[in-house]
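In what follows, every heavy atom counts, from backbone to side chain, and hydrogens, waters and symmetry copies are set aside.
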Amino acid sequence: MLNQDLIILIVQIIAALGVVVSVIYLGLQIKQQNIITKAQFGHSLTQRLYERYFLSAKDQEFSKFLSKDWSGTDLEDYEYWRITLWINTILVDLFDTYDQHRKNLVDSTHLKMRVTLLKTGLMKTKMGEPTWRIWRQARDPEFIAWFEQEFFGGPLEDIEDSRNLEWETLN
C-alpha cells in the first residue's frame, strides 16, 4: 500500500510541475505575442507614413503644392481646403500613434516623428488652429492638454489670435 501512495505522490508532483511549466510557457508566449503585436503596429504606422511620403513625392503637382508658402496670402480658396485636408491627414495619423503609444503598443519614436512633422509649422498656418478646433471636440482632455501645450504653448483659451476671427468669417 505504501508503494501505491508513493506512486500517487510522485504523479501529483509531476502533474504540479507540469502545470507550473505550462504557466511559464504560456507567459512566455503572451510576452512574445505582445512583442509581435507592438512590432506590427509600429510597422503599419511606419508603412502608412512612408506610403504617404512616397505618393506625395511621386505626384509632382502635389509636391509643388506642399512646397508653397502656406503662410502667404496669395492662396486660392481650394488651396486652403487642400491644406485643411492635409492637416487632417497628419492629425489622424498623430491621434492613432498617440493612442497606440499610450497603450504601450508603439514606442515613443513613432510619436516623436509625427510631432516633429507637425512642428515644421503646419499648426501655425492659417488653417492649423481651426482644423485642430474641429478635432478638439473628439479628443479626451488629457490629449487636448498635451497637444495644445506641445503645439500652441498652452490651452487655446489663453491664446488670443486674430486667426480665430478670420476662421469665423469663412463660415
Side-chain angles (χ1 to χ4, degrees), residues 32-171:
Q32 185 177 12
Q33 187 58 44
N34 285 342
I35 291 169
I36 290 168
T37 301
K38 278 182 160 182
Q40 287 173 334
F41 274 120
H43 177 73
S44 70
L45 287 172
T46 301
Q47 184 65 30
R48 184 169 64 184
L49 194 61
Y50 289 155
E51 178 90 8
R52 188 177 317 123
Y53 289 162
F54 178 71
L55 291 174
S56 299
K58 225 172 96 170
D59 183 341
Q60 183 178 7
E61 189 266 334
F62 190 63
S63 291
K64 286 181 182 178
F65 171 72
L66 287 176
S67 67
K68 278 189 157 194
D69 177 9
W70 290 3
S71 64
T73 56
D74 60 335
L75 296 172
E76 301 287 330
D77 288 342
Y78 78 91
E79 291 177 308
Y80 286 115
W81 180 242
R82 285 180 90 179
I83 291 168
T84 300
L85 293 176
W86 183 251
I87 293 171
N88 276 327
T89 302
I90 305 294
L91 285 176
V92 168
D93 187 51
L94 177 73
F95 300 158
D96 289 347
T97 306
Y98 180 89
D99 293 342
Q100 298 308 325
H101 179 261
R102 190 159 56 177
K103 295 174 188 172
N104 291 321
L105 292 173
V106 295
D107 66 41
S108 62
T109 58
H110 292 280
L111 187 58
K112 287 177 187 173
M113 189 169 29
R114 282 144 180 94
V115 167
T116 300
L117 174 62
L118 275 173
K119 282 190 171 182
T120 60
L122 286 176
M123 297 312 295
K124 300 293 184 186
T125 65
K126 179 179 178 179
M127 302 312 291
E129 184 180 320
T131 303
W132 162 244
R133 285 186 178 277
I134 293 168
W135 280 104
R136 185 179 199 267
Q137 301 169 29
R139 298 303 302 186
D140 64 80
E142 180 184 331
F143 180 86
I144 292 169
W146 171 81
F147 185 90
E148 291 181 358
Q149 183 61 44
E150 194 73 35
F151 295 100
F152 299 110
L156 286 181
E157 294 80 23
D158 297 337
I159 299 173
E160 294 187 80
D161 194 333
S162 63
R163 289 181 294 172
N164 295 336
L165 298 173
E166 291 175 24
W167 172 251
E168 308 240 344
T169 62
L170 293 176
N171 292 324

>> Using the rule given for side chain to side chain contact (heavy atoms under 4.5 Å, CB included), can you reason through I90 versus R52, listing the C-alpha separation, both sets of side-chain angles and the distance that settles it, and then say yes or no?
In response: CA-CA 10 Å; I90 305 294; R52 188 177 317 123; 3.8 Å; yes

>> Test side chain to side chain contact (heavy atoms under 4.5 Å, CB included) on W81 and W86; report intermediate values, then the result.
In response: CA-CA 9 Å; W81 180 242; W86 183 251; over 6 Å; no

> Between K126 and W70, is a side chain to side chain contact (heavy atoms under 4.5 Å, CB included) present by the stated rule, with each step listed?
Replying inline: CA-CA 8 Å; K126 179 179 178 179; W70 290 3; over 6 Å; no

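The aromatic rings of W146 and F151 stand perpendicular to each other, their planes meeting at an angle above 60°, with 30° marking the opposite boundary.
The shortest non-hydrogen separation linking S56 to S63 is O-OG, 2.5 Å. The two residues E79 and F65 come nearest to each other via the heavy atoms O-CZ, 3.6 Å. Considering every non-hydrogen atom in both L75 and K68, the closest pair reads CD2-CD, 4.0 Å. In this structure, L117 and L122 approach most closely via the heavy-atom pair O-CD1, 4.2 Å.
One finds the NE2 atom of H110 at 8.0 Å from the OG1 atom of T97 (value rounded to the nearest 0.5 Å). Interatomic distance, CG of D107 versus NE2 of H101, reported as 7.0 Å (0.5 Å rounding). For the atom pair L94 CG and I87 CD1, the distance stands at 12.5 Å (nearest 0.5 Å). The CG atom of L91 sits 10.5 Å away from the OG1 atom of T84 when rounded to the nearest 0.5 Å. With values rounded to the nearest 0.5 angstrom, I36 atom CD1 is found 5.0 Å from Q33 atom CD. Atom CD in Q137 sits 9.0 Å away from atom CD1 in I144 (nearest 0.5 Å).
With ring centers used as reference points, W135 lies under 6.0 Å from F95. Taking the ring centroids of Y98 and F147, they lie at or beyond the 6.0 Å cut-off.
No donor-acceptor pair under 3.5 Å is formed between the side chain of Q100 and the backbone N or O of V106. Judged by distance alone, the side chain of D59 and the main-chain N or O of L55 form no donor-acceptor pair under 3.5 Å.
Salt-bridge check for E150 with K119: passed, with a basic side-chain N closer than 4.0 Å to an acidic carboxylate O. A salt bridge links E61 with R82: at least one charged nitrogen is closer than 4.0 Å to a carboxylate oxygen. Look at R114 and D96 and you find no salt bridge, because none of the NZ, NE, NH1 or NH2 atoms lies under 4.0 Å from a carboxylate O.
One side chain, E148 or W132, offers a donor N or O that lies under 3.5 Å from an acceptor on the other.
The shortest distance between side-chain heavy atoms of D140 and R102 falls below 4.5 Å.
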